[in-house]
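Below, chains carry the letters A, B, ... as their sequence lines are ordered, and counting in each starts from 1. All values derive from a computational prediction rather than experimental measurement. Just the heavy atoms: all of them, side chains too, but no hydrogens, waters or symmetry mates, feed the values below.
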Amino acid sequence: MLKLTAFMAGLLFGFGLLLSGMTNPSKVLAFLDLAGAWDPSLALVMLGAIGTAILPLTWARQRRYSLLGRPMQLPAKRELDRRLIGGALVFGIGWGIAGICPGPAVAILLTGHWQAIVFTLAMLAGMMLFTALEKRRGL
Amino acid sequence: MNIDWLNFTPWSSLAGGLLIGLAAGLFVVANGRIAGVSGLIGSLLQRGAEGIGEKALFLLGLLVAPLLWGVFTHLPALEFQSGAAGLIIAGLLVGIGTRYGSGCTSGHGVCGLSRLSPRSMVATACFMFSGFATVLVLRHWLGV
C-alpha cells in the first residue's frame, strides 16, 4: 500500500506539472524574466499547490504517524545557516540559466528531448559531487 | 511591468498547482514523507538510505507521467533556450545547490511554505531572487 500511494503521488505530481505548463523551460524562464514579457503563470501554480497542500501538511505537523502508520518524517532543522542560503542562491542561478528544476527534469526525462537527458545527467553529477564532498568533510 | 497576456495560462496553471498540492498531500498523509524531488533523488544516490522503495516509486510515477499522459492527449510543447554547455552548467548548479540548500521548488517552495517552515521561506526567497537576477543579467545585460 505504501508503495502504491508513493507511486500515485509521483504520478499525480507529474500530471500537475504537465497541466500547469511548468515542464516547459521557456514558460518558467518567462516567469523569471521580470524585465521582459512577464508570464505570471508560475505564481498561480504555487498558489494552487500551496493552497491545497497547506491542509494535509498542517494535519501532518500535528501527527506522529501517517494514516498508513509510518512515522512522520518532517524536517526538524531550524537554523538559517550559510549552507541553506548559499545552496538556494546557487540553485536559483542554475534554474535561471535553463528554466529547469528537479521535478520537471524528471517529468520530461522520457519525452525524447536530448536537452532533458543532458540536464538531468549534469544535475545527478552535481548531487554526487555534494555527496562526495560531504563524505570527505566527515572523515 | 509588462504582462504577457497571450502566454499567461491562469486556469490550467492553477489547476496543475492543485494537482501538485494534492500529490504532496497524499505523500505526506499516507507515507509521512515530504514530496521534495531533489531530496528524494539525493537520498537515492547515498548508500544506506531508508525507504528506498517508496522514494524510488514516487520518482517512477513522476518519470512515467508523460508517457501515460501521452496515451490520452498531446503532451504540452517543450521549448529549451539553452545549448549543451548551458544545460550542463545549469544542471550542475541545480544539483549542488539543491543538496546544499536541502531542497528545491517542490520541497521548499510547495511543501516547506505549506508547513510554514522559516527555513523554506528563506530558501524560496533566495532561489527566486537569484533566478530573477540570473535571467535579468543573462537576457537583458549580457544579451545571451
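Options B:Val29, B:Leu45, B:Val37, B:Val64 differ in how many heavy-atom pairs under 4.5 Å they form with chain A, and the most are formed by B:Val29. Heavy-atom pairs under 4.5 Å with chain B peak, among A:Ala116, A:Gly14, A:Ala107, at A:Ala107. Options B:Trp11, B:Trp5, B:Phe27 differ in how many heavy-atom pairs under 4.5 Å they form with chain A, and the most are formed by B:Phe27. Listed options B:Ala65, B:Gly51, B:Gly53 were ranked by heavy-atom pairs under 4.5 angstrom with chain A; first place goes to B:Ala65. Chain B forms the most heavy-atom pairs under 4.5 Å with one residue out of A:Ser66, A:Pro56, A:Ala30, A:Gly96, and that residue is A:Ser66. Contact count against chain B (heavy-atom pairs under 4.5 Å) is highest for A:Lys77 among A:Met1, A:Lys77, A:Arg78. When the candidates A:Gln73, A:Glu79, A:Lys3 are compared by the number of heavy-atom contacts under 4.5 Å with chain B, A:Gln73 comes out ahead.
With hydrogens and angles ignored, the 3.5 Å screen pairs a side-chain donor or acceptor of A:Asn24 with a backbone N or O of B:Glu79.
Interface residue B:Ala30: backbone and side-chain heavy atoms are both found under 4.5 Å from chain A. Contact of A:Lys27 with chain B is made through the side chain alone, with heavy-atom distances under 4.5 Å. Looking at B:Ile3, both its backbone and its side chain come within 4.5 Å of chain A, counting heavy atoms on both sides. The contact between A:Pro75 and chain B is made by backbone and side chain atoms together, counting heavy-atom distances below 4.5 Å. Only the side chain of A:Leu42 comes within contact range of chain B, with at least one heavy atom under 4.5 Å from a heavy atom of that chain. Contact of A:Arg61 with chain B is made through the side chain alone, with heavy-atom distances under 4.5 Å. Contact annotation for A:Met72: both backbone and side-chain heavy atoms come within less than 4.5 Å of a heavy atom of chain B. A:Met8 touches chain B through backbone and side chain together, each having a heavy atom under 4.5 Å away. For a residue to count as touching a neighbouring chain, one of its non-hydrogen atoms must lie under 4.5 Å from one of that chain's; by this rule A:Ile50 touches chain B with backbone and side chain alike. At a 4.5 Å heavy-atom cutoff, the contact between B:Leu22 and chain A is made by backbone and side-chain atoms alike. With a 4.5 angstrom heavy-atom cutoff, B:Val122 touches chain A only via side-chain atoms. In this structure, chain B has a heavy atom under 4.5 Å from the side chain of A:Ala60, while its backbone stays farther away. With a 4.5 Å cut-off on non-hydrogen atoms, B:Pro76 touches chain A through its side chain but not through its backbone. Within the 4.5 angstrom heavy-atom criterion, atoms from both the backbone and the side chain of B:Leu60 approach chain A. Contact annotation for B:Leu14: both backbone and side-chain heavy atoms come within less than 4.5 Å of a heavy atom of chain A. Residue A:Leu121: no heavy atom, backbone or side chain, is found under 4.5 Å from chain B. For A:Pro40, the parts lying under 4.5 angstrom from a heavy atom of chain B are both the backbone and the side chain.
Side-chain contact between B:Leu92 and A:Leu129 is absent, with no heavy-atom pair separated by less than 4.5 Å. Between A:Leu32 and B:Thr134, every side-chain heavy-atom pair lies at or beyond the 4.5 Å cut-off. Side-chain contact check for A:Ser26 versus B:Phe80: every heavy-atom pair is 4.5 Å or farther apart. Within the 4.5 Å cutoff, side-chain heavy atoms of A:Leu34 are placed close to those of B:Met1. Proximity of B:Arg99 to A:Met128: side-chain heavy atoms (C-beta onward) are nowhere separated by under 4.5 Å. Counting heavy atoms from C-beta on, the side chains of B:Thr98 and A:Pro102 come closer than 4.5 Å. A heavy-atom distance below 4.5 Å is found between the side chains of B:Val28 and A:Leu74. Side-chain contact between A:Met127 and B:Ile41 is present, with at least one heavy-atom pair separated by less than 4.5 Å.
More than 12 heavy atoms of other residues, nucleotides or ligands sit less than 6.0 Å from atom CH2 of A:Trp59. Other residues, nucleotides and ligands contribute over 12 non-hydrogen atoms within 6.0 Å of the CH2 atom of A:Trp114.
Side-chain contact, B:Asn31 with A:Thr5: a donor N or O sits under 3.5 Å from an acceptor N or O. A donor-acceptor contact closer than 3.5 angstrom links the side chains of A:Ser41 and B:Thr9.
In this pair, B:Phe127 and A:Trp95 present their aromatic rings perpendicular. The plane angle is above 60°, beyond the 30 to 60° band. Under the 30°/60° scheme for interplanar angles, the aromatic rings of A:Phe15 and B:Trp69 are found to be tilted.
Taking the charged nitrogens against the carboxylate oxygens, A:Arg70 and B:Glu54 do have a contact shorter than 4.0 Å, which makes a salt bridge.
Between B:Ala24 and A:Ala53, the closest heavy-atom pair is CB-CB, 4.4 Å. A:Cys101 and B:Thr105 get closest at one heavy-atom pair: SG-OG1, 3.1 Å. The two residues B:Gly86 and A:Ile97 come nearest to each other via the heavy atoms O-CG2, 3.8 Å. What you find for A:Leu57 and B:Ser114 is that their closest heavy atoms are CD1-CB, 3.4 Å. Of all non-hydrogen atoms in B:Ser82 and A:Ala98, the two that sit nearest each other are OG-CA, 3.5 Å. When all heavy atoms are compared, the tightest approach of B:Val135 to A:Leu29 is CG2-CD2, 4.0 Å.
You'll find the ring centres of B:Phe132 and A:Phe31 inside the 6.0 Å limit. The ring of A:Phe130 has its center closer than 6.0 angstrom to the ring center of B:Tyr100.
The distance from the CG atom of B:Leu116 to the OG1 atom of A:Thr58 is 6.0 Å, given to the nearest 0.5 Å. Taking CG of A:Asp39 as the start and CG of B:Asn2 as the end, the distance is 12.0 Å to the nearest 0.5 Å. Within the model, atoms CE of A:Met123 and OG of B:Ser38 stand 8.0 Å from one another, a figure rounded to the nearest 0.5 Å. The distance from atom CG of B:Leu18 to atom CG of A:Leu44, rounded to the nearest 0.5 Å, is 12.0 Å.
By the criterion of side-chain heavy atoms lying less than 4.5 angstrom apart, applied directly or through intervening Ile, Leu, Val, Met, Phe, Trp or Tyr residues, B:Phe129 is not grouped with A:Ile93; the two fall into different hydrophobic clusters. B:Ile34 and A:Phe13 fall into different hydrophobic clusters, where Ile, Leu, Val, Met, Phe, Trp and Tyr residues are linked whenever their side-chain heavy atoms come under 4.5 Å apart, directly or through other members.
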Worked verdict on A:Met46 versus B:Val110 for side-chain contact (heavy atoms from CB on, under 4.5 Å): CA-CA 7 Å; A:Met46 294 303 286; B:Val110 176; 4.2 Å; yes
Criterion side-chain contact (heavy atoms from CB on, under 4.5 Å) on B:Ser130 and A:Phe91, from CA distance to verdict: CA-CA 8 Å; B:Ser130 63; A:Phe91 159 47; over 6 Å; no
Intermediate values then yes/no, side-chain contact (heavy atoms from CB on, under 4.5 Å), A:Asp33 and B:Leu136: CA-CA 6 Å; A:Asp33 189 5; B:Leu136 180 71; 5.9 Å; no
Pair A:Lys135-B:Gln46, side-chain contact (heavy atoms from CB on, under 4.5 Å): steps then yes or no: CA-CA 10 Å; A:Lys135 206 177 241 171; B:Gln46 279 167 341; over 6 Å; no
